[in-house]
Amino acid sequence: MSVNRQLAGYFEQIASLMEITGANAFKVSANRKVVRVLEDLDRDIADVATSGELESLDGIGKGTAARISQFLETGTIDDLEHLRSEIPDGLIGLLDISGLGPKTVGRLWREADVTDRQSLKAAIDDGRLASLPRMGAKTIANIADSLAFAQRASQRTPIGRALPLAEQLVSQLKTVPGVTRVHYAGSLRRGCETIGDIDLIAVTTDPTGLVDTFTNRPDVAKVLAKGDTKAAIRLTSDIQVDLRIVPEDVLGATLLYFTGSKEHNVLLRERARSMHMRLNEYGLFPDDGDDEPPQQRGIAPLASATEDDIYSALELPMQPCSLRESADDPLVAPPALIELNDIRSELHSHTTASDGHLTIDELINATRDRGLGIIAITDHSVSSVQANGLSVDRLHTHIAAIHDARDRHPDMLILAGSEVDIHADGRLDYDDDVLRELDIVVASPHASLKQASDLATERLLKAIEHPLVHIIGHPTGRMIGRRPGLDPNMPVLLEAAAANGTALEINANPRRLDLRDVHVRQAMAAGCRIAINTDAHTGDHLAFLRYGVLTARRGRVTPDACVNCLPPDALLTWLAQKSPLLSS
DNA sequence: GCCGTTTTCGGCCCGACTGTTTTCAGTCG
């Protein structure tokens, strides 16, 4: 799969470099489309090429197919090499700076010898920029500010930080006089693992008052835009927040528009056009061929109040936010996706016996307080020395202590388990006779997370095929923005997991979210069982569950595929005899 | 560069805000 990613990166470079040269915008977006196609493809692009099917992929024509073939044969693409020889690589990094687009970057390069971020800084400092036409003091100050911001905040915000902040902003703005509705939209509403900025949409009788309140918050570092219906700020915490104000009767159209994804919006607009309609953030309108926006000409929308109304008018099934990515087809009716309330159990958690902060009883009580009736206590195994992993003797004592707790908590199903290390060669950290004493075994990789792809595949495959392993915990071991983790051959693992009835975990910790959404989607297509666990080390960690459920929804997980949704009897049956999903 | 119930040419999604300039280009989402 990594060839797909590498090639996608090359086409992204081609698109960016073409933009800087001022190439036709449609050619640029055609190359960007190729990037998406490659990223969403669930087959190896080399296989597609071998079977002569490249041009059957939507968005790949003769030219692109030739470039892909050339890359697969030689490892390079002539067109890309040519662009690189003409244009400094460092210019691509300038496109990530807010306010700098391809036109400006091209001008800076041609007219001020700017080739990267460093020389941009120099050009600002020595006054070269100010000598260019259409470069006023404000524009230069904004570029300088965006450049400094880009240097210190290069990463996207994890959902675990963005979602609580957005909820706080929403509840605060709801108290502003005149405000009747506030929602967050964007990638956050779609449940993406990281977000670029927070999008808010509000309905109010006093737009000016709301915009003033919003832009005058004490935590505002910079006001990026301020108008009658739109404002944008950057907080001192370096997170950007956009606010849109709309009339109540077009809220659905605006929510739809600003929830995205961009690709989903394009598909909906194309759909609208094919039905002689026109879709924008104010509603779905009849297409009368007039260029002036219909809402400005007093034309009533065909649908606008709710998202449901618009999908319905487009004769499409209502798509949940989590299924509005480029890989999702809006024509396909969505499955009944899993919801937070469907979850009955936490099957991966830690106590003070290893590196958790709660005692057995505290953990059980915290689980009950979250509305769950089933808890599996799975402390670390002996090799996780840094996590105070349990020796076999300590494990025996721990199992007995867990069994004792059952008498004190008769309302809960309490399982004695372990999170067993999967060694680099695929062996497990406890012998089979020890594993047999446990109610549940979660096998996870913790060390050797940089091993080669084929070794990682063999390693995880052994654990998946092990008859005593129920769940593979955080299968790749990645940490978002910090380490990539293992890169195994997913299709091979998924096929084995489905056949053996071994569940693959979505670790709900927002720093992990592992499996990630695209792999979850592939796992569902392969017929795998899924587990959603918080890996709780404290009581607060149990609240991570919603991030796991959001990721599951993005991967099209239904309750029947998730072992955490099983009622006690069915869960015990599966634990006693792992069964594949399809035959259960 | 890709695509096709307006199919081999002529389209390709849409609107708000900013800055600098007097009507709009560039950027963003």
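Here is the naming used below: chain letters follow the sequence lines, and residue numbers restart at 1 for every chain.
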How far does the [atom1] atom of [N] sit from the matching atom of [M], given to the nearest Å?
N: B:dT21; M: B:dC17; atom1: C1'; result: 16 Å
N: B:dA16; M: B:dC12; atom1: C1'; result: 22 Å
N: B:dT20; M: B:dA25; atom1: C1'; result: 10 Å
N: B:dT22; M: B:dC14; atom1: P; result: 28 Å
N: B:dG11; M: B:dT6; atom1: P; result: 15 Å
N: B:dG10; M: B:dG15; atom1: P; result: 25 Å

Whole Å only: how far is the [atom1] atom of [X] from the [atom2] atom of [N]?
X: A:Gln296; N: B:dA16; atom1: CD; atom2: C1'; result: 10 Å
X: A:Met277; N: B:dC14; atom1: CE; atom2: C1'; result: 16 Å
X: A:Ile233; N: B:dC17; atom1: CD1; atom2: C1'; result: 16 Å
X: A:Glu270; N: B:dC14; atom1: CD; atom2: C1'; result: 13 Å
X: A:Ile299; N: B:dG15; atom1: CD1; atom2: C1'; result: 16 Å
X: A:His264; N: B:dC14; atom1: NE2; atom2: P; result: 16 Å
X: A:Asn280; N: B:dA16; atom1: CG; atom2: P; result: 8 Å
X: A:Glu19; N: B:dG1; atom1: CD; atom2: P; result: 15 Å

(message) Closest-nucleotide mapping onto DNA chain B: is A:Gly59 or A:His276 further toward the 5' terminus? I mean the 5' end.
(response) A:Gly59
(request) Report the residue (A:Val34 or A:Arg278) whose heavy-atom-nearest nucleotide on DNA chain B is the more 5′ of the two. (result) A:Val34
Taking NZ, NE, NH1 and NH2 as the nitrogens, is one of them in [X] or [Y] under 4.0 Å from a carboxylate oxygen of the other?
X: A:Glu193; Y: A:Arg478; value: yes
X: A:Glu167; Y: A:Arg546; value: yes
X: A:Lys121; Y: A:Asp125; value: yes

(message) For nucleotides 20-29 of chain B, give me one character per nucleotide, 5' to 3': B if any protein heavy atom sits under 4.0 Å from the base, S if the only such contacts are to the sugar-phosphate, - if neither.
(response) SS----SSSB
(message) List the residues meeting ring-ring contact (aromatic ring centres under 6.0 Å, His included) with A:Phe285, not counting sequence neighbours, and say none if there are none.
(response) none
(message) Please enumerate all residues that pass ring-ring contact (aromatic ring centres under 6.0 Å, His included) together with A:Tyr282, with sequence neighbours excluded.
(response) none
(message) Tell me which nucleotide, if any, is Watson-Crick or G-U wobble paired with B:dG15 when both distances must be under 3.5 Å.
(response) B:dC28
Mind checking if [X] touches a base, just sugar-phosphate, or nothing, with heavy atoms under 4.0 Å?
X: A:Thr229; answer: sugar-phosphate
X: A:Glu55; answer: nothing
X: A:Ile60; answer: sugar-phosphate

(request) Kindly state which residues belonging to residues 72-86 of chain A come within less than 4.0 angstrom of DNA chain B, counting heavy atoms of the residue only, listed by number. (result) none
(message) Counting only heavy atoms and a strict 4.0 angstrom limit, can you tell me which residues of residues 217-227 of chain A come near DNA chain B?
(response) A:Ala225, A:Lys226, A:Gly227
(message) So if I take every side-chain heavy atom of A:Asn142 and compare against B:dC14, B:dC3, B:dG19, which nucleotide ends up nearest?
(response) B:dG19
(message) Checking contacts here: which listed nucleotide (B:dG1, B:dG15, B:dC17) is nearest the side-chain heavy atoms of A:Asn31?
(response) B:dG1
(request) May I ask you to check whether A:Asp328 and A:Gln319 show a side-chain donor-acceptor distance below 3.5 Å? (result) no
(message) Could you check whether A:Arg67 and A:Asn31, counting side-chain N and O atoms only, form a donor-acceptor pair closer than 3.5 Å?
(response) yes
(message) Could you tell me if the side chain of A:Pro334 sits less than 4.5 Å from the side chain of A:Pro317, heavy atoms only?
(response) yes
(request) For A:Glu12 and A:Arg32, run salt bridge (charged side-chain N to carboxylate O under 4.0 Å, His left out): C-alpha distance rounded to whole Å, both residues' side-chain angles, the deciding distance at 0.1 Å, then the answer. (result) CA-CA 6 Å; A:Glu12 177 60 42; A:Arg32 288 254 150 74; 3.0 Å; yes
(request) Apply side-chain hydrogen bond (donor to acceptor under 3.5 Å, both in side chains) to A:Arg554 and A:Ser322, showing your working. (result) CA-CA 5 Å; A:Arg554 292 175 58 76; A:Ser322 52; over 6 Å; no
(message) Would you say A:Asn24 places a side-chain N or O within less than 4.0 Å of OP1 or OP2 belonging to B:dG1?
(response) no
(message) Can you see if the side chain of A:Arg67 gets near the phosphate of B:dG1 - specifically, an N or O under 4.0 Å from OP1 or OP2?
(response) yes
(message) For residues 221-233 of chain A, which residue pairs pass the salt bridge (charged side-chain N to carboxylate O under 4.0 Å, His left out) check, not counting sequence neighbours?
(response) A:Asp212-A:Lys226
(message) A cation-pi test, strictly: NZ or CZ of A:Arg84 under 6.0 Å from the centre of the six-membered ring of A:Tyr10 and no more than 45 degrees from its axis. Yes or no?
(response) yes
(message) If you count every heavy atom of other residues, nucleotides or ligands that lies below 6.0 Å from A:Gln118 atom CD, does the total exceed 12?
(response) no
